[in-house]
Enquirer: 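Pasting in a structure now, in structure tokens, and then I'll have a few things to ask.
Note that this is a predicted model, so its numbers are computed, not measured. Here is how names work: the chains are called A, B, and so on, in the same order as the sequence lines, proteins then strands, and each is numbered from 1.
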Protein chains: 2
Amino acid sequence: MENLVREKRIALGMTQDELSALLDVSRQTIISLEKGRYNPSITLAFKLSKLFQCAIEEIFIYEEE
Amino acid sequence: MENLVREKRIALGMTQDELSALLDVSRQTIISLEKGRYNPSITLAFKLSKLFQCAIEEIFIYEEE
DNA sequence: ACTTTACGTAAAGTATACTTTACTTGCAAA
DNA sequence: TTTGCAAGTAAAGTATACTTTACGTAAAGT
């Protein structure tokens, strides 16, 4: 699943470290997310949605199968 | 996290078994989801979103911490 | 040169989403 | 009264999200 985490983070002028702290996850989680190594849990998606002030669907692009 | 899976499923006149088949997950997954035993992965949330034709935010209600 | 900052990798461990199997219960219809 | 369907429980196993630690690299500042 594609995502715009990196773009949105940079748009806010934040480092991966700062973002991870705000979301209460590890920096590794942010790195892996941005690199597309795995999909987030729905709770992490909601946290990002709230922080970035946009819908989950605007951050994560779902293509079926 | 609260969710409206049961309500939306029944509104479509479907059984748990039929829903699980359409989503390609086990019936146990649907039962546990409806019972609120765990949160779905973001991919399952997207599948439900598509099937129910509404935003993820309309199915899953996120309350922080 | 060296330090700091931001980003990256690798690997092993933990938590949790999801599966599989098997058995139970309530209800409605034959 | 028994058969079948929809929903439920329980437990053990697998897949994956996420953590932790430790180390590597390139760029910018002093």
Enquirer: With both distances under 3.5 Å as the test, what is the Watson-Crick or G-U wobble partner of D:dT25?
Expert: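 C:dA6 - that is the nucleotide pairing with D:dT25, both distances being under 3.5 Å.
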Enquirer: Does B:Ser26 have a side-chain nitrogen or oxygen under 4.0 Å from the phosphate oxygens OP1 or OP2 of C:dT19?
Expert: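 Yes, within the criterion.
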Enquirer: Might you work through the side-chain contact (heavy atoms from CB on, under 4.5 Å) test for B:Thr29 and B:Leu44, ending with a clear yes or no?
Expert: CA-CA 10 Å; B:Thr29 295; B:Leu44 181 48; 3.8 Å; yes
Enquirer: Can you measure B:Leu33 atom CG to C:dT16 atom P for me and round it to whole angstrom units?
Expert: 16 Å
Enquirer: To the nearest Å, how far apart are B:Ile30 CD1 and D:dA6 P?
Expert: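 Rounding to the nearest Å, CD1 of B:Ile30 and P of D:dA6 are 15 Å apart.
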Enquirer: Between A:Ser20 and A:Gln16, is there a side-chain heavy-atom distance shorter than 4.5 Å?
Expert: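 Side chain of A:Gln16 against side chain of A:Ser20, heavy atoms only: no contact under 4.5 Å found.
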Enquirer: From the options D:dT19, D:dG8, C:dT20, select the nucleotide whose nearest atom is closest to the side chain of A:Tyr38.
Expert: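 Nucleotide nearest to A:Tyr38's side chain: D:dT19.
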Enquirer: Looking for any heavy atom pair under 4.0 Å, which part of the strands does B:Ser41 touch: base, sugar-phosphate only, or nothing?
Expert: sugar-phosphate
Enquirer: Listed in order of residue number, which residues of residues 2-21 of chain A have a non-hydrogen atom at under 4.0 Å from DNA chain D?
Expert: none
Enquirer: Where the side chain of B:Gln28 is defined as all heavy atoms beyond and including C-beta, which of C:dG8, D:dT19, D:dT9 is the nearest nucleotide?
Expert: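 When the side chain of B:Gln28 is considered, D:dT9 is the closest of C:dG8, D:dT19, D:dT9.
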Enquirer: What is the distance, to the nearest angstrom, from the CG atom on B:Leu44 to the P atom on D:dT16?
Expert: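 Going from B:Leu44 (CG) to D:dT16 (P), I get 14 Å.
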Enquirer: Rounded to whole Å, how long is the line connecting atom CD of B:Glu34 with atom P of C:dC18?
Expert: 14 Å
Enquirer: Taking the side chain of A:Arg27 as heavy atoms from C-beta outward, which of C:dC18, C:dT9, C:dG8 is closest to it?
Expert: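 Taking heavy atoms from C-beta onward, the closest nucleotide is C:dG8.
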Enquirer: For the residue pair A:Leu48 and A:Phe60, establish whether any side-chain heavy-atom pair is separated by less than 4.5 Å.
Expert: yes
Enquirer: Whole Å only: how far is the CG atom of B:Asp24 from the C1' atom of C:dA17?
Expert: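 Nearest whole value for this atom pair: 15 Å.
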Enquirer: Does the distance from a Lys or Arg side-chain N to an Asp or Glu carboxylate O, for A:Glu18 and A:Arg9, drop under 4.0 Å?
Expert: no
Enquirer: Just so I know, are the side chains of B:Tyr62 and A:Ile42 near enough to count as touching, which here means a heavy-atom distance under 4.5 Å?
Expert: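 Side-chain contact under 4.5 Å: no.
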Enquirer: Calculate the interatomic distance between A:Leu48 atom CG and D:dC18 atom P; express it in whole Å.
Expert: 10 Å
Enquirer: Measure the shortest side-chain to side-chain distance between B:Val25 and B:Leu19 over non-hydrogen atoms and say whether it is less than 4.5 angstrom.
Expert: no
Enquirer: From CG of A:Asn39 over to P of C:dC18, roughly how many Å is that when rounded to an integer?
Expert: 11 Å
Enquirer: Take atom NZ of B:Lys35 and atom C1' of D:dG8, then tell me their distance rounded to the nearest Å.
Expert: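 Going from B:Lys35 (NZ) to D:dG8 (C1'), I get 7 Å.
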Enquirer: Exactly one of A:Glu57, A:Glu58, A:Glu63 should register a side-chain contact (heavy atoms from CB on, under 4.5 Å) with A:Ile61. Which one does?
Expert: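 Of the listed options, the one satisfying the test is A:Glu63.
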